[in-house]
Amino acid sequence: MFSPPDPRTYNQIIYAVVRQIPPGRASSYGQIASMIPPPAGVEPPAYRRLSPRWVGTAMRNCPDDVPWFRVLNSRGTISLPAGSPAAHEQRARLEAEGVVFDENGRVDWAVAGWDGPDDEWLRARGLFPPRPLKKPKRG
DNA sequence: CGTTTGACTACGC
DNA sequence: CGCGTAGCCAAAC
């Protein structure tokens, strides 16, 4: 009847979306999740999207060609453990693309945020337009 | 196979 | 802004 949820398939969708983030831009776990419908077989409220946690889990060990470092948390900061080599790498790779972090280690979504893929790209894959990134106060 | 863990978020105070 | 709480759900243990 229902197909069981297939995490592998869903990870591929997540990776496909993340691969669309252009250099010099960044997205958030929640924004990525907001484009992806729930797995088939799950009885969801129509409004619910993929859990942002799933996106984070998918980033943990992703293929080399996925620009995982362009995904930040909803506040625009790095979610990897502060001071860890991985967190340092993420910041370095973003800065190498011209992304600027403020004194609080936060990127300005208005500058480096991403609007999501083209509508046609989304429509072709049955995905939703992304929820806008939360705008931090005073910049 | 039950329990705990996390690269999450929204919301309340 | 900072801290706590409640949902979240695949993975790891």
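Proteins get letters first, then strands, A, B, ... in listed order; numbering begins at 1 in each.
- The side-chain hydrogen bond (donor to acceptor under 3.5 Å, both in side chains) check on A/Asp65 picks up A/Arg19, with sequence neighbours excluded.
- Comparing C/dG7 with B/dA7, their P atoms sit 22 Å apart, to the nearest whole Å.
- A/Gln31 contributes atom CD, which lies 9.5 Å from atom CZ of A/Arg131 (distance to the nearest 0.5 angstrom).
- Pairs of residues two or more places apart, or lying in two chains, never qualify as salt bridge (Lys or Arg N to Asp or Glu O under 4.0 Å) while including a residue from residues 26-38 of chain A.
- In this structure, CD1 of A/Ile32 is placed 18 Å from C1' of C/dA10, rounded to the nearest angstrom.
- A/Tyr15 places its OH atom 11 Å from the C1' atom of C/dA10, with the value rounded to the nearest Å.
- Residue A/Asn11 places at least one side-chain N or O closer than 4.0 Å to OP1 or OP2 of C/dA11.
- Without hydrogens or angle criteria, A/Asp118 side chain to A/Glu120 main chain gives no donor-acceptor distance under 3.5 Å.
- Looking only at distances, no side-chain donor or acceptor of A/Arg93 sits under 3.5 Å from a matching main-chain atom of A/Phe69.
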Return a single string for nucleotides 6-13 of chain B, one symbol per nucleotide in 5' to 3' order, where B is base contact, S is sugar-phosphate-only contact and - is none, cutoff 4.0 angstrom on heavy atoms. BBBSS---
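- Two residues are said to be in side-chain contact when any heavy atoms from C-beta on lie closer than 4.5 Å; A/Val71 and A/Ser28 fail this criterion.
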